[in-house]
Amino acid sequence: MKNNITCLIIAVVFLCSSCSKNWVDTKPQGVPSTAYQWDGEKNVLKAIGALYAPMRNEGTWGRNLFWMQNASDDLIVGRTKADGENIKNFICTGNEGYMRDGWNDLYWMLNKANQAVAGVPTATNIPEDLKKQVLGEAYFMRGFSHFWLAYLWGHKDQGVPYDAIENPEFGKRVPPQLKSVTDNYAAIAADLQKAADLLPLFSTYDDANKGRAHKAAALGYLVKTYAYWAQFDASKWALIPAVCDRIKNECGRALITGMATPAENYKAVFKVANNWSSEYIWSVTSGTIGGSEFPGVVLENKGWGIYNGWGYFQPTEELYDEYEANDPRRETTILKFGDKFTFFGVQRSYSSSNSLSGFQINKYMEPFSYGTNNEPKTNDKINQNGDYPTTALNLPLMRYAEILLFKAEALIQQGKNGDAAAPLNEVRARVGLLPIANPTLNDLKHERRCELACEWTDRLMDLKRWNDVAKINAPLHGRIHADKSNPASPYTVQQVWPARSYTQTKMAWPIAPDEINLSGGAYKQTPGW
């Protein structure tokens, strides 16, 4: 199999961008297109490659889905942005473009995956082992896109619209809005289990095919599905540890270790050279001509006059203070005034005329370190178009550390705190922190926050499923420096975001009223909104 998944995605994106954005119905309704020809290896791979294209969209993991994660206690908006501020303050309507775009792109993925689930078994002139793999990819992408829809918009008293192509009524009706998000999770888990049975190990892919779905990715999202399902059905915790062990033992996933220092162990996770490391579970494949623009989205607005960062999603004092004093993850995660970093080959001391909190996310800065003399054109790890600031660093959506923490949480939730020490302390030992003999749920919450901060693991949804409402609503603080151009400038800690009034009645996000109208009244608004 010689097709390069990255090239396939770029080709699909190019073809799509040359047409009207209305060339395909993005809504979760209607009969699947018959345009795909399931005949021959080349056509089948093109059809499957198309499933991955929306992962690189601004509407999904480029930026927009992160606006909902930004509503946690870890981050603030960063720059004036009305829709982003309304989302963070839980006064949104669902018609915000950030929400609509994410919803539409995810349903586009889901619908195309439905077509693939139906089409692949009919494929001709294709080796059986390849047919098995691409069917696994189709099931994975259907479960993956469905998961993001369910956990963001699904409520315990009302699920999100979903119809499987296997249903006899598919295409003859508006897809039903399921009774509960637990019904969505049941369908998602079934798809991910099928995907795990069909997909190969990541280690079997050659360089040209890295980025395709693989067994560990399917098992990883199965773990995450069970964890979110468990807030409504605690029996699901018991299913998690065994799946986590499969990811380690069967799939060969492991933390990056063995560097010169504990700090270097953690920094290595976010380096271009380790895009496909043992810690990789699932990422947005990125590069200098396309991929997730998120590294540029969180970079200093205008990039100190050198490269066009956008200046969004700035960390809070609350997040900074969460770390233990000797935890090297803090400096890898957060830039504060005076911190040293390399930018286009030149060492700088961080300061910011843009940051409202006095901090910047640091995890995705490594690609910007390359080059010489502050010249972007000398850096071959970034997109030269600063209006589309992608980099050669893949954007991690799930990594093995999260699997270890889900295992620890599942054991704690079952009262097996002593057993939870091993996976939790494996994460701590990697960064040189002392072990915890009998970890509690609060220990788990602390570790999850520090290990996964500012990643796409969603601190807000963690707080929701733990019912930590007070943490969501607490006012947020930052460091206000007397001279924002001076890295050594003194500061005072001040409130940078007021208290909010979130309640668990708003545990899921609102559906766009326009979407409800298009359904002809078949869909109801999310409870609480």
Side-chain angles (χ1 to χ4, degrees), residues 69 72-74 143 147-148 150-152 154-157 159 180-190 192-193 196 216 218-249 253 255 281 322 398-430 433 435-453 455-472 504 507-508:
Q69 300 193 39
S72 78
D73 54 350
D74 280 357
F147 171 81
W148 278 78
Y151 103 91
L152 288 172
H155 191 281
K156 65 181 179 68
D157 296 325
S180 169
V181 71
T182 59
D183 298 316
N184 293 107
Y185 287 142
I188 294 162
L192 293 172
Q193 287 167 335
L219 293 173
Y221 276 93
L222 180 60
V223 167
K224 196 157 189 171
T225 299
Y226 286 150
Y228 278 89
W229 195 351
Q231 65 187 302
F232 310 115
D233 178 358
S235 69
K236 297 298 179 283
W237 289 119
L239 303 176
I240 289 176
V243 183
C244 294
D245 289 344
R246 287 187 66 190
I247 293 170
K248 175 184 177 180
N249 299 324
R253 300 293 87 194
L255 298 180
I281 299 289
E322 178 73 17
M398 180 181 288
R399 52 190 181 86
Y400 184 64
E402 186 174 15
I403 300 303
L404 287 171
L405 293 174
F406 273 134
K407 182 179 180 181
E409 183 174 0
L411 292 167
I412 291 169
Q413 293 282 6
Q414 296 176 79
K416 301 176 181 179
N417 298 54
D419 293 339
L424 185 137
N425 288 326
E426 186 175 345
V427 174
R428 289 178 61 82
R430 190 253 292 268
L433 296 177
I436 300 172
N438 197 40
T440 66
L441 184 58
N442 282 335
D443 292 324
L444 181 282
K445 292 177 181 180
H446 165 80
E447 206 60 39
R448 187 171 172 86
R449 187 180 192 186
C450 294
E451 175 69 25
L452 304 172
E455 299 181 43
W456 289 71
T457 50
D458 208 333
R459 164 73 175 171
L460 176 66
M461 295 303 290
D462 281 344
L463 293 174
K464 287 182 177 182
R465 67 188 179 88
W466 294 328
N467 198 27
D468 287 341
V469 173
K471 291 183 178 180
I472 297 174
Q504 285 289 64
M507 65 184 304

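Taken to the nearest 0.5 Å, the CG atom of Leu222 stands 11.0 Å off from the CZ atom of Phe147. In this structure, Lys464 NZ and Gln231 CD are separated by 10.0 Å, a value rounded to the nearest 0.5 Å. Taking CE of Met507 as the start and CG of Asn467 as the end, the distance is 9.0 Å to the nearest 0.5 Å. Between the CD atom in Gln504 and the CG atom in Asp468 there is a gap of 9.0 Å [rounded to 0.5 Å]. Interatomic distance, Leu452 CG to Met398 CE, rounded to the nearest 0.5 Å: 10.0 Å. Expressed to the nearest 0.5 Å, how far CG of Leu424 lies from CD of Glu451 amounts to 10.0 Å.
Around the NZ atom of Lys248, the shell of radius 6.0 Å holds no more than 12 heavy atoms that belong to other residues, nucleotides or ligands.
Of the residues Tyr221, Tyr185, Tyr228, the one that meets the ring pair (Phe, Tyr, Trp, His ring centres under 6.0 Å) test with Tyr151 is Tyr228.
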Start with the C-alpha distance between Glu402 and Val223, add both sets of side-chain angles, then the distance that settles side chain to side chain contact (heavy atoms under 4.5 Å, CB included), and finish with yes or no. CA-CA 10 Å; Glu402 186 174 15; Val223 167; over 6 Å; no
Before giving the answer on side chain to side chain contact (heavy atoms under 4.5 Å, CB included), spell out for Arg399 and Glu455 the whole-Å C-alpha distance, their side-chain angles and the decisive distance to 0.1 Å. CA-CA 10 Å; Arg399 52 190 181 86; Glu455 299 181 43; 2.7 Å; yes
Walk me through whether Ile403 and Leu219 qualify under side chain to side chain contact (heavy atoms under 4.5 Å, CB included). CA-CA 10 Å; Ile403 300 303; Leu219 293 173; over 6 Å; no
Yes or no on side chain to side chain contact (heavy atoms under 4.5 Å, CB included) for Lys236 and Gln413, after CA distance, side-chain angles and deciding distance? CA-CA 10 Å; Lys236 297 298 179 283; Gln413 293 282 6; over 6 Å; no
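The minimum heavy-atom distance linking Ala420 with Pro439 is given by the pair C-CG, 4.0 Å. Arg430 and Ala401 make their closest contact through NH2-CB, 4.1 Å (heavy atoms, listed as atom of the first residue, atom of the second, distance). The minimum heavy-atom distance between Leu444 and Ala408, with the atom names listed, is CD2-CB, 4.2 Å. Of all non-hydrogen atoms in Ile188 and Ala150, the two that sit nearest each other are CD1-CB, 3.8 Å. For the pair Pro241 and Gln414, the tightest heavy-atom approach, listed with the atom from each and the gap, is CG-NE2, 4.1 Å. For Cys450 against Glu322, the heavy-atom pair with the smallest separation is SG-CG, 3.7 Å.
Residues Pro435 and Arg428 form no side-chain contact, since every pair of their non-hydrogen atoms from C-beta on lies 4.5 Å or further apart. For the pair Thr457 and Lys224, the minimum side-chain heavy-atom distance is below 4.5 Å. Counting only heavy atoms from C-beta outward, the side chains of Glu447 and Val427 approach each other to under 4.5 Å.
Between the side chain of Asp443 and the backbone N or O of Thr440, at least one donor-acceptor pair lies under 3.5 Å. Side chain of Asp233 to backbone of Trp229: no donor-acceptor contact under 3.5 angstrom is found.
Under a 4.0 Å N-O distance rule, the pair Arg448/Glu409 does not qualify as a salt bridge.
With sequence neighbours excluded, the residues forming a side-chain hydrogen bond (donor to acceptor under 3.5 Å, both in side chains) with Arg459 are Asp73, listed by chain and number.
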